[in-house]
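Structure first, then comments.
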Amino acid sequence: MGLKQATLHQLKVFEVTARHGSFTRAAEELFLTQPTVSIQMKQLTRVVGMPLFEQVGKRLYLTEAGKELLATCQDIFERLERFEMAIANLKGLKQGHLRLCVITTAKYVIPRLLGPFCQRYPGIDVALTVTNHEQVVERIRGNMDDLYIPSYPPDNVDVECHRFLDNPLVVVAPSHHRLSGRTKIPIQELAGEPFIMREQGSGTRQAVEKLFAEHGVSINIRLELGSNESIKQAIAGGLGISVLSHHCLALDRESSQLTILDVEHFPIQRHWHLVYPAGKQLSVVAQAFFDYVRTEGREMIESSLTYPAAPAKELNPV
Ligand code: PGA
């Protein structure tokens with residue numbers, strides 16, 4: 001038999017007995033009976049194969065083997081304590097990684113949410129991937145991140161999905177545009193307008209093409225751009241109109257040169273969703289971020305960003 005046959009409990013009883021030099025005192029500390037302590041120590045002695053204590057008068061003294069075992073026990077318990085602390089830290093969100101993948105429009109708000117979250121949990125490091133809808137879905141399929149934020153749940157992928165905020169798509173034009181200021185513009189009036197379109201694989205593009213097709217309006221694509229930011233610049237530069245998420249228009253220098261046209265059937269109502277593959281066990285950190293976004297995060301977005309007014313329906317949070 002080797003020491004591996006000893007139980008952690010026996011080692012603990014040994015360590016307390018050695019500290020007190022007495023079975024009776026060890027029994028008191030451990031809330032055990034004195035015979036139980038004595039039996040445990042007999043079994044441990046058998047496992048070690050050498051006496052651990054010698055009795056002089058009423059007091060127990062450690063033998064050489066006992067001293068060796070005590071040092072070993074102290075090492076083991078110290079390691080276990082460190083392990084316990086590491087776990088407590090993880091549970092207490094003192095350290096860990098968070099991998100997020102969000103669609104292009106969410107990049108306007110998610111970094112703002114990350115600020116207070118990371119301040120609260122300074123030991124957490126975050127990797128944020130920003131990409132279009134098609135790529136987000138690819139990453140969900142590949143289980144590449146902890147949490148995802150698309151505008152609509154992916155088809156043919158089994159996911160847990162929680163809708164958390166409106167993401168309305170609006171028609172954006174330069175502020176001096178001929179349709180600027182008009183109300184209830186029929187969608188047909190956009191036929192022939194030079195249009196700046198997002199790339200293939202973009203969820204915005206898909207939504208725009210679907211709506212225009214439903215109304216039999218053909219789109220005159222003048223320019224295709226893979227970034228909402230570039231599209232804003234292009235609109236401000238007079239290259240055409242486009243459809244963007246209202247969130248892309250959080251006030252900045254370009255946005256003051258842009259206007260939202262009041263076109264019928266707009267805004268296209270969409271919603272950001274927090275998504276992860278069904279059955280995935282969220283890490284403690286991911287779960288904390290998930291809860292934070294759904295509660296405080298939502299309020300924070302609503303109160304911290306200012307946008308040019310949308311002319312159409314009220315943009316209520318879901
Ligand atoms: P997209 O998605 O970047 O794929 O167009 C944006 C959105 O759905 O809000």
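Just so it is clear, the values below take in all heavy atoms, side chains as well, and ignore hydrogens, waters and symmetry mates. We count ligands from 1, going down the list as the structure has it; atoms in each ligand are counted the same way.
- Per-residue contacts place N167 under 4.0 angstrom from the following atoms of ligand 1 (heavy atoms of the residue considered): 7 (C), 9 (O).
- For the pair N132 (side chain) and E134 (backbone), a donor-acceptor distance under 3.5 Å is present.
- Among all non-hydrogen protein atoms, the one lying nearest atom 6 (C) of ligand 1 is T204 OG1, 3.4 Å.
- Taking the six-membered ring where the residue is Trp, Y121 and F117 present perpendicular rings, their angle passing 60° and hence far from 30°.
- Heavy-atom contacts of T105 reach the following atoms of ligand 1: 6 (C), 7 (C), 9 (O) (cutoff under 4.0 Å).
- Proximity of E134 to ligand 1, defined as any heavy-atom pair under 4.0 Å, is not found for any part of the residue.
- Any N or O atom pair closer than 3.5 Å counts here, and T104 shares at least one such pair with ligand 1.
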Legend entry - Steps toward ring pair (Phe, Tyr, Trp, His ring centres under 6.0 Å) verdict (F290, F164): CA-CA 10 Å; F290 184 91; F164 79 96; 9.1 Å; no
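- Note: F212 and F195 have perpendicular aromatic rings, judged against thresholds of 30 and 60 degrees for the angle between ring planes.
- R198 and T104 are linked by a side-chain donor-acceptor pair at a separation below 3.5 angstrom, with hydrogens and angles left out of the test.
- Not a single N or O atom of W272, backbone or side chain, sits closer than 3.5 Å to an N or O atom of ligand 1.
- Using a non-hydrogen distance threshold of 4.0 Å, R270 registers as a contact of ligand 1.
- For the residue pair D125 / H97, a side-chain donor-acceptor distance below 3.5 Å is found, with atom types taken as modelled.
- For Q287 and Y292, the side-chain atoms include no donor-acceptor pair closer than 3.5 Å.
- Considering both main-chain and side-chain atoms, H133 comes within under 3.5 Å of ligand 1 through a nitrogen or oxygen pair.
- Taking every non-hydrogen atom of G203 and a distance limit under 4.0 Å, the qualifying atoms of ligand 1 come out as 1 (P), 2 (O), 4 (O), 5 (O).
- Residue S151 has at least one heavy-atom neighbour below 4.0 Å for each of these atoms of ligand 1: 7 (C), 8 (O), 9 (O).
- Considering backbone and side-chain N/O atoms, R205 never comes within less than 3.5 Å of an N/O atom of ligand 1.
- Contact annotation: for S245 versus ligand 1, there are no heavy atoms closer than 4.0 Å.
- Here N132 has heavy atoms under 4.0 Å from ligand 1 in both its backbone and its side chain.
- Between H20 and E29, the side chains place a donor N or O and an acceptor N or O closer than 3.5 Å (distance only, hydrogens not considered).
- A cation-pi arrangement is absent between R112 and Y108 under the rule of less than 6.0 angstrom and at most 45 degrees off the ring axis.
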